[in-house]
Amino acid sequence: MKEENELKKLDGTKIIFIAKGLVVGVCVGFVVSLFRLLIETASHYVVELYLFFWESPLWLIPWAGISLLVALWLGKLIASESNIKGSGIPQVEAFLRGQLKVRWFSVLWKKFIGGILAISSGLFLGREGPSIQLGAVVAQGISEGMHQSKSEEKILVSSGASAGLAAAFNAPIAGLLFVLEEVHHSFSPLIWLTSFSAALSANLVSLHFFGMTPVLFIGEMEKIPLRYYWTLPLLGVFVGLMGWLYQRVLLALPKLYGKLPFLSPNYYGIIPFLLILPIGLVLPRFLGGGHQIVLFLAEVPLSFWMLVGLFLFRFVFSMVSYGSNLPGGIFLPILSLGAILGTLYGVVLSQSFGVDEGLIKNFLVFAMAGYFAAIGKAPLTAMVLVTEMIGSMSHLMSIGIVVLVSYIVVDSLGGKPIYETLLERIVQPNFGDITGKKTIIEFPVAPGSAFDECMVRDIEWPREMLLTSIRRGAAELLTHGDTVILGGDVLIILTDQGISQKVKNHLSKQMNTLQNT
């Protein structure tokens with residue numbers, strides 16, 4: 001009878017969090033859909049303006065003045081709230097780790113307005129990172145309004161991040177996988193259920209705004225014949241190397257921008273806002289994060305040298321845009337660069353090896369996933385995100401080969417997940433101070449790892465924590481010295497909020513030490 005009561009209590013908790021996830025998802029869905037709608041509408045008018053300037057170039061002068069004023073105002077906005085810089089994903093991860101305090105309402109409205117102004121101006125920035133951060137701060141606001149505990153708040157913030165990506169790209173499963181694979185690097189039943197319900201409800205709201213057509217619908221794609229499967233590992237190597245290069249250049253941007261002594265980092269946005277003027281005048285249809293580039297290449301594969309030029313142009317100005325600290329992401333710019341690389345690869349195969357031209361579109365899709373997987377080192381998210389965006393699950397095998405090889409290539413070169421590396425730059429290396437606020441963290445035990453089949457008493461636990469229980473499947477076990485930890489278990493740990501990530505890192509280091517010995 002006692003076990004039945006505990007099971008009912010656990011199931012009741014899950015249902016409550018699913019309901020909370022639905023509430024978060026609906027709220028995030030409306031906020032992010034409005035954000036997306038305003039960006040798309042404003043971007044359309046900006047392109048029309050540049051087409052008008054082509055006929056009446058003198059009007060470009062007042063537009064340049066307006067652009068400069070917008071850049072200056074965005075600089076003041078960033079100076080007043082540093083957490084709106086960039087994509088916002090590292091800030092979300094830092095908050096969930098207890099390494100960063102976030103004023104949710106300040107970030108919400110400043111990121112919302114700043115993101116619209118920066119992204120719709122034509123800069124090569126994406127809406128997905130800001131959408132994830134907007135989802136997270138909306139969920140944080142809901143959590144504070146409901147007076148949730150710190151551990152419950154983190155679950156809701158995770159679900160908000162998932163909902164943000166789902167609404168931005170109409171990709172609910174990718175939103176869930178992103179939170180599990182990129183943000184938490186672990187599987188927690190409550191986080192999984194809450195995030196999934198939030199992603200589904202946010203996606204449902206988004207579909208009412210934008211319809212059922214996938215974000216990057218490029219029509220039907222024929223399946224690649226087995227005789228051409230040899231091309232897939234080579235494509236994986238190619239995009240893996242290019243992904244590693246992207247990481248290196250992106251991480252060098254602060255040093256490159258730092259050579260501008262006459263500008264404060266908060267006002268680096270002046271540079272791309274001025275450079276976009278001649279670009280918009282000459283190539284107005286190629287402005288923005290790259291959504292239109294993918295659709296264009298799927299219909300009209302360009303020549304080899306035009307694709308090389310387009311890639312260099314998009315690569316360089318994407319770096320200029322993102323390195324300026326303006327509110328904007330890199331998801332869509334990465335996918336568009338991957339699409340160019342895939343098209344380039346397909347054109348070479350078609351012209352040099354007689355591969356059917358109709359398969360160029362396939363390589364475009366495969367390279368998008370491989371390039372994203374190499375840079376973000378989130379292969380499952382990359383696979384599912386691309387398949388949801390194109391609206392077809394028929395090419396998972398081919399995509400999987402490219403993604404796996406590209407991941408191996410960048411990993412062998414020492415590449416790290418780009419968002420983790422960016423996170424390390426916004427928090428102190430020796431993070432963690434006692435705050436006096438308790439929190440619960442979950443530490444997953446991988447099968448075959450050093451903790452697998454170890455007794456609790458045989459592990460050197462950090463002094464600043466208490467192992468309260470072990471979750472094994474649907475059951476939760478109270479621990480004692482003779483309790484054997486098994487692969488697949490989740491350790492439930494009580495510690496201080498300020499040093500929670502320090503405890504996690506200590507345990508990870510301990511596992512590696514035991515495993516090596």
Side-chain angles (χ1 to χ4, degrees), residues 28-47 70 74 77-78 83-92 107-138 160-172 174-175 178 182 199 202-203 205-207 209-211 213-216 269 272 276 286-295 314 317-318 321-322 324-339 368 372 375-376 381 385-386 388-389 419:
V28 172
F30 276 107
V31 171
V32 172
S33 294
L34 182 61
F35 181 68
R36 177 179 164 186
L37 182 63
L38 290 174
I39 288 174
E40 291 182 2
T41 303
S43 298
H44 170 75
Y45 284 114
V46 167
V47 171
V70 170
L74 285 174
L77 210 61
I78 293 170
N83 288 326
I84 68 171
K85 291 181 181 178
S87 70
I89 294 174
Q91 289 90 329
V92 173
V107 173
L108 175 60
W109 76 266
K110 292 177 182 178
K111 188 78 169 194
F112 189 91
I113 296 175
I116 292 172
L117 291 174
I119 299 169
S120 64
S121 67
L123 301 184
F124 295 1
L125 297 169
R127 63 175 180 263
E128 63 299 315
S131 297
I132 290 171
Q133 188 178 24
L134 288 174
V137 294
V138 167
S162 176
L165 181 56
F169 281 156
N170 294 127
F178 178 81
E182 171 64 34
N203 185 59
V205 172
S206 179
L207 292 176
F209 276 82
F210 303 101
T213 304
V215 174
L216 291 179
I276 198 65
F286 288 79
L287 298 178
H291 173 271
Q292 73 287 352
I293 298 290
V294 178
L295 299 179
R314 295 284 309 181
F317 199 69
S318 291
S321 300
Y322 189 76
S324 64
N325 294 325
L326 290 169
I330 55 176
F331 262 52
L332 199 52
I334 286 175
L335 293 174
S336 64
L337 288 172
M368 280 198 297
F372 182 84
I375 295 169
T381 302
L385 176 65
V386 170
E388 286 188 297
M389 290 179 73
Y419 292 116

Side-chain heavy atoms of [X] within contact of [Y], under 4.5 Å:
X      : Y      : answer
Phe169 : Glu388 : no
Tyr322 : Pro272 : no
Val294 : Met389 : no
Arg36  : Asn170 : yes
Leu134 : Val28  : no
Leu216 : Met368 : yes
Leu34  : Phe112 : yes
Val137 : Lys111 : no

Tell me whether the count of non-hydrogen atoms from other residues, nucleotides or ligands lying under 6.0 Å of CZ in Phe209 goes above 12.
yes

Donor-acceptor contact below 3.5 Å, side chain Gln133 vs main chain Asn83
yes

Where do [X] and [Y] come nearest, in terms of heavy atoms and distance?
X      : Y      : answer
Ser206 : Ser33  : CA-OG, 3.4 Å
Leu165 : Gly175 : CD2-CA, 3.8 Å
Ala199 : Pro172 : CB-O, 3.5 Å
Phe124 : Gly288 : CD1-O, 3.3 Å
Leu125 : Ala118 : CD1-CB, 4.2 Å
Val46  : Ser120 : CG2-O, 3.3 Å

Cation-pi check, Arg127 onto Phe35 ring (under 6.0 Å, within 45° of axis)
no

Audit row: Leu123, Phe317, side-chain contact (heavy atoms from CB on, under 4.5 Å) steps and yes/no:
CA-CA 8 Å; Leu123 301 184; Phe317 199 69; 4.1 Å; yes

At what distance, to the nearest 0.5 angstrom, does [atom1] of [X] lie from [atom2] of [Y]?
X      : Y      : atom1 : atom2 : answer
Leu74  : Ser324 : CG    : OG    : 9.0 Å
Ser121 : Ile276 : OG    : CD1   : 6.5 Å
Ile84  : Gln91  : CD1   : CD    : 9.5 Å
Leu335 : Glu128 : CG    : CD    : 7.5 Å

Enumerate donor-acceptor pairs with a distance under 3.5 Å from any side-chain N or O in residues 326-334 to protein atoms, sequence neighbours excluded.
none

